[in-house]
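Take a look at the structure set out below.
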Amino acid sequence: MPELPEVETVRRGFHELVAGRQFSQVEVYRDRLVRTQLGGPSEFRARLLGQNIEGVARRGKFMWLALANGQAMVVHLGMSGQIRPLTKEQAAGPARRHERVRFWFQDATEELAGFSFIDQRTFGSLQVCDTVPTSDGFPAGWPLASTHLPLPAAKIARDLLDPYLDTAAVINNWKQRVAPIKTLLLAQNVVSGFGNIYADEALFAAKVRGTTPAGALSHKKLQDILDQGARIMTDSLSRGGTSFDALYVDVNGESGTFADYLQVYGRAKQPCRVCGQELKVIQLAKRSHHYCVSCQRSRSLPRLEGK
DNA sequence: AGCCCGACCTGAAAGC
DNA sequence: TGCTTTCAGGTCGGGC
């Protein structure tokens, strides 16, 4: 499932594919994929035709194509979104299974004539929109220098691989929250990029059970969760991310190999690699939470002061 | 505002 | 065997 390392893997290939090119044609095969577009599919198409692409930026799990006119095409992979290049022959053929949107380049060659957005479960989305300045004045997304970000990404916090992430502010926010720490890791508005896999892995590495109220954890513990999360995501990125099946692949159709290194996610009933205890899975915030009963101790609720 | 929960969607896998 | 139910996931919008 595309979380930060998977999205960044895709972004790198996507950037190589589109930087410096121009859209000559766009076709939406499934309207649902542009459901967030003001004006619908026709507006989506109209705002892209003839536009030059400067590059691809990313914040958390959101990517966007920076267009030369200052607008941006936001791309979210959802659960099963993929970006795949098209040869001239493929670009002239009919839509493939699960192909939802197709894009053609002005300067088409035999080997590269455009690309497709493929998405089995259609949780992904595409949208062309205006951009707004970042609230902190720093670059909006990795790795472009522009300090303007697309409107839908404005509510998304910086991620753990973003050099401008204010980790002290993240911890201060968490210290004042009573929600389970895992719920806060999955929300994207304080720190972004975590999905169910890396949230569980970071919590295991920091020896924190996901049900623990964030405010009950020490400053040091919260810092450790961020440190472990950054380390794990960096590791995963170096291996092309986590693939369980053909739903997550990079722009070349290659799977990542980090699934082999997961400590808890998807390992319920198997032995903990640290202590040998049988790993457990519970429902938390309507998501599965995998953890080790003995390595990740249960913690008491915080004592609320006064009032 | 913080927090929780249902809806969205598809296909694989499990249940009957 | 074949039909039905369950499950997985990220984000959004609604309710309290």
Side-chain angles (χ1 to χ4, degrees), chain A residues 1-8 10-11 28-38 58-64 74-82 95-101 117-127 129 150-157 159 169-170 172-202 210-216 233 236 241-249 256 258-259 262 264-269 281-290 301-302 304 307:
Chain A
M1 326 302 117
E3 303 179 28
L4 193 155
E6 294 76 34
V7 177
E8 174 59 16
V10 170
R11 189 204 64 76
V28 178
Y29 300 117
R30 182 74 74 94
D31 288 358
R32 177 175 151 77
L33 274 290
V34 295
R35 62 194 175 281
T36 55
Q37 177 70 54
L38 241 63
R58 181 193 55 76
R59 172 183 286 226
K61 304 172 203 170
F62 283 77
M63 292 185 284
W64 62 90
V74 180
V75 177
H76 197 290
L77 300 176
M79 285 290 302
S80 53
Q82 302 176 8
R96 288 181 287 173
R97 185 165 154 84
H98 300 145
E99 183 177 0
R100 309 306 190 189
V101 186
F117 188 85
I118 296 166
D119 188 5
Q120 180 196 106
R121 294 185 185 173
T122 72
F123 273 38
S125 69
L126 301 163
Q127 157 181 27
C129 59
L151 216 44
K155 61 185 182 303
I156 303 299
D159 59 68
V170 174
N172 286 338
N173 179 289
W174 283 350
K175 283 296 283 181
Q176 297 168 339
R177 309 286 290 271
V178 296
I181 182 63
K182 180 168 174 187
T183 306
L184 299 185
L185 287 180
L186 292 177
Q188 305 293 308
N189 56 352
V190 178
V191 62
S192 70
F194 281 100
N196 214 27
I197 298 172
Y198 297 103
D200 278 2
E201 294 297 316
T211 49
T212 314
M233 286 187 192
S236 178
T242 303
S243 301
F244 294 116
D245 47 38
L247 287 189
Y248 161 69
V249 293
F258 196 69
L262 297 178
V264 286
Y265 186 86
R267 298 194 65 242
K269 296 185 177 176
V281 59
I282 57 168
Q283 287 296 116
L284 172 58
K286 297 294 173 187
R287 290 289 175 266
S288 59
H289 174 46
H290 308 74
L301 292 162
L304 299 175
K307 297 187 181 173

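Here is how names work: the chains are called A, B, and so on, in the same order as the sequence lines, proteins then strands, and each is numbered from 1.
Taking atom CG of residue A/Asp119 and atom P of nucleotide C/dT11, one finds them 13 Å apart after rounding to whole Å. Taking atom CD on A/Gln283 and atom P on B/dG6, their separation rounds to 12 Å, with Å as the unit. Between the CG atom of A/Leu247 and the P atom of C/dG10 there is a distance of 13 Å, rounded to whole Å. When rounded to the nearest whole Å, the span between NZ of A/Lys286 and C1' of B/dC3 equals 14 Å. Distance A/Leu284 CG to B/dC5 C1': 13 Å, rounded to the nearest Å. Going from atom CD of A/Gln188 over to atom C1' of C/dC12 covers 13 Å, rounded to whole Å. Atom C1' of nucleotide C/dA8 and atom NE2 of A/His290 are separated by 10 Å, given to the nearest angstrom. For the pair A/Leu33 CG and B/dC9 P, the computed distance is 11 Å after rounding to whole Å.
In this structure, the nucleotide among B/dC3, B/dC5, C/dG10 sitting nearest to the side chain of A/Val178 is B/dC3. Considering only side-chain atoms of A/His98, the nucleotide from C/dA8, B/dC3, B/dG11 that sits closest is B/dG11. Side-chain atoms of A/Gln120 lie closest to B/dG11 of the nucleotides B/dC9, C/dT11, B/dG11. Closest contact between the side chain of A/Arg32 and the listed nucleotides C/dG10, B/dC3, B/dC9 involves B/dC9. With distances taken from any side-chain atom of A/Arg121 to the nucleotides B/dG6, B/dT10, B/dC3, the minimum falls on B/dT10. For A/Thr122, taking side-chain heavy atoms from C-beta onward, the closest of the listed nucleotides B/dC3, B/dC9, C/dT11 is B/dC9. When each of B/dG11, B/dC4, C/dG10 is scored by its nearest atom to the side-chain atoms of A/Pro180, the top-ranked nucleotide is B/dC4. Listed nucleotides B/dC5, C/dT11, B/dC3 differ in distance to A/Arg287; the shortest reach to its side chain belongs to C/dT11.
Within 4.0 Å of A/Ser80, counting heavy atoms only, lies no atom of the nucleic acid at all. Within 4.0 Å (heavy atoms only), A/Phe62 reaches sugar-phosphate atoms of the nucleic acid but no base atom.
In summary, A/Asp200 and A/Lys182 engage in a salt bridge, as defined by a charged side-chain N under 4.0 Å from a carboxylate O.
Side-chain contact check for A/Tyr198 and A/Glu6: at least one donor-acceptor pair (N or O, by modelled atom type) lies under 3.5 Å.
With values rounded to the nearest 0.5 angstrom, A/Asp159 atom CG is found 9.5 Å from A/Gln188 atom CD. The CD atom of A/Gln283 sits 11.5 Å away from the NE2 atom of A/His289 when rounded to the nearest 0.5 Å.
OP1 or OP2 of B/dG11 has at least one side-chain nitrogen or oxygen of A/Arg97 nearer than 4.0 Å.
Where A/Asn173 and A/Phe123 each meet DNA chain B at their nearest nucleotide, the meeting point lying more 5' is that of A/Asn173.
Residues A/Leu247 and A/Arg121 meet the side-chain proximity criterion, which asks for heavy atoms closer than 4.5 Å.
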